[in-house]
J.: 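Structure provided below as structure tokens; questions to follow.
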Amino acid sequence: MKKWYDEEYVWRIEVTGFVHGSRTENYCRNGEEIGDVYTCTYGCPVNQDGQGVCSKAMMMMFPVMEAVRSGGDLRRIGGSDAYTKELVCPDGCVIFRMTATKLDHENFHTGGFWHPE
């Protein structure tokens with residue numbers, strides 16, 4: 001991998017709760033625990049141990065990330081502010097809080113980085 005572009009946003013994804021129960025055994029296949037934190041820019045979110053967020057949850061997170069990267073405001077899709085949104089995993093188990101922080105970098109598309117060949 002040769003990452004050449006400094007992304008415009010960094011994401012923090014925190015496990016804030018469960019829809020049912022208070023433990024992960026026999027419940028969350030990925031073993032999420034309240035307080036787990038994942039971070040990423042454009043790649044998939046990983047925690048401090050290098051473990052990735054659940055792939056099914058990532059299916060729901062990616063469109064939210066793209067909304068922000070496209071200049072959107074997450075309040076328009078139920079977020080608590082422009083860069084924060086809570087969502088429940090597709091299995092109905094884990095509650096995640098996604099928060100973007102804008103970095104001092106140009107947008108991939110409007111900054112002139114993307115050039116199709």
Side-chain angles (χ1 to χ4, degrees):
M1 184 168 147
K2 183 179 176 185
K3 184 77 172 152
W4 58 270
Y5 168 70
D6 291 324
E7 295 290 336
E8 187 178 10
Y9 294 92
V10 63
W11 288 89
R12 174 186 163 92
I13 295 142
E14 181 179 0
V15 175
T16 60
F18 303 120
V19 176
H20 306 286
S22 61
R23 61 189 182 94
T24 59
E25 291 81 10
N26 301 318
Y27 184 58
C28 172
R29 192 170 172 172
N30 207 41
E32 308 290 3
E33 295 181 283
I34 294 171
D36 284 349
V37 174
Y38 298 86
T39 58
C40 68
T41 54
Y42 188 76
C44 291
V46 295
N47 64 19
Q48 67 277 2
D49 298 324
Q51 299 297 312
V53 74
C54 170
S55 57
K56 287 194 246 180
M58 187 59 195
M59 279 188 329
M60 301 205 44
M61 292 176 184
F62 184 74
V64 173
M65 293 172 168
E66 285 295 278
V68 168
R69 292 181 187 123
S70 300
D73 183 327
L74 295 181
R75 290 174 290 204
R76 294 179 183 228
I77 59 170
S80 58
D81 72 29
Y83 293 147
T84 302
K85 177 160 177 55
E86 288 195 352
L87 58 86
V88 175
C89 75
D91 289 333
C93 299
V94 180
I95 304 167
F96 294 94
R97 179 181 303 120
M98 302 177 61
T99 304
T101 301
K102 186 155 178 28
L103 303 172
D104 191 26
H105 303 137
E106 291 290 323
N107 178 275
F108 183 72
H109 293 282
T110 61
F113 295 97
W114 186 73
H115 298 285
E117 302 213 4

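Values reported hereafter were calculated over all heavy atoms of this structure, with side chains retained and with hydrogens, waters and symmetry mates removed. Position 1 is the first residue of the sequence, and the numbers go up from there.
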J.: Would you confirm whether Tyr27, through its side chain, and His20, through its main-chain N or O, come within 3.5 Å as a donor-acceptor pair?
T.: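 A pair under 3.5 Å: yes.
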J.: Between Tyr38 and Gly52, what is the shortest heavy-atom contact and its length?
T.: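 Between these two residues, the closest heavy atoms are CE2-C, 3.6 Å.
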J.: Can you give me the closest heavy-atom contact between Asp36 and Gly31, atom names plus distance?
T.: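 Closest approach of Asp36 to Gly31, heavy atoms only: OD2-O, 4.2 Å.
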J.: Please give me the minimum heavy-atom distance between Ala100 and Val68, naming the atom from each residue.
T.: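 The pair with the smallest heavy-atom distance is CB-CG1, 4.1 Å.
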J.: Taking the hydrophobic residues Ile, Leu, Val, Met, Phe, Trp and Tyr, and joining any pair whose side-chain heavy atoms are under 4.5 Å apart, which ones share a cluster with Trp114?
T.: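 Under the 4.5 Å side-chain rule, Trp114 groups with Trp4, Tyr5, Phe108, Phe113.
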J.: Look at the side-chain heavy atoms of Ile, Leu, Val, Met, Phe, Trp and Tyr, link any pair under 4.5 Å apart, and say whether Ile13 and Ile77 land in one connected group.
T.: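 Yes, because Ile13 and Ile77 connect within a single hydrophobic cluster, where side-chain heavy atoms sit under 4.5 Å apart.
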J.: Kindly give the heavy-atom pair with the smallest separation between Gly112 and His115, and that separation in Å.
T.: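 Result for this residue pair: O-NE2, 2.7 Å.
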J.: Would you say Leu74 and Val10 are hydrophobically clustered, going by side-chain heavy atoms of ILVMFWY under 4.5 Å?
T.: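 No, Leu74 and Val10 fall in different hydrophobic clusters.
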J.: Could you note down all residue pairs passing side-chain hydrogen bond (donor to acceptor under 3.5 Å, both in side chains) where residues 53-72 supplies at least one of them, sequence neighbours left out?
T.: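 Residue pairs passing side-chain hydrogen bond (donor to acceptor under 3.5 Å, both in side chains), neighbours aside: Lys56-Asp91, Glu66-Arg69.
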J.: Determine yes or no for a side-chain-to-main-chain donor-acceptor pair under 3.5 angstrom, with Asn30 supplying the side chain and Glu32 the backbone.
T.: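 Here the side-chain-to-backbone pair does not exist.
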J.: Can a donor-acceptor pair be found, under 3.5 Å and without considering hydrogens, that links the side chain of Tyr83 to the backbone of Lys102?
T.: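 Side chain of Tyr83 to backbone of Lys102: no pair is present.
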J.: Tell me whether Tyr42 shares a hydrophobic cluster with Val64, the cluster being built from Ile, Leu, Val, Met, Phe, Trp, Tyr side chains joined at under 4.5 Å.
T.: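 Tyr42 clusters together with Val64.
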J.: Do you know which two heavy atoms are closest between Phe18 and Glu33, and how far apart they sit?
T.: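 Closest approach of Phe18 to Glu33, heavy atoms only: CZ-CA, 4.1 Å.
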J.: Checking Asp73 side chain against Arg75 main chain: does a donor-acceptor pair fall under 3.5 Å?
T.: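 Between the backbone of Arg75 and the side chain of Asp73 there is a qualifying donor-acceptor contact (under 3.5 Å).
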J.: Between Val37 and Glu14, what is the shortest heavy-atom contact and its length?
T.: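 For Val37 and Glu14, the tightest heavy-atom pair comes out as CG2-CG, 4.1 Å.
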J.: Look up atom CG in Leu103 and atom OH in Tyr9, then write down how far apart they are to the nearest 0.5 Å.
T.: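 Those atoms lie 9.0 Å apart.
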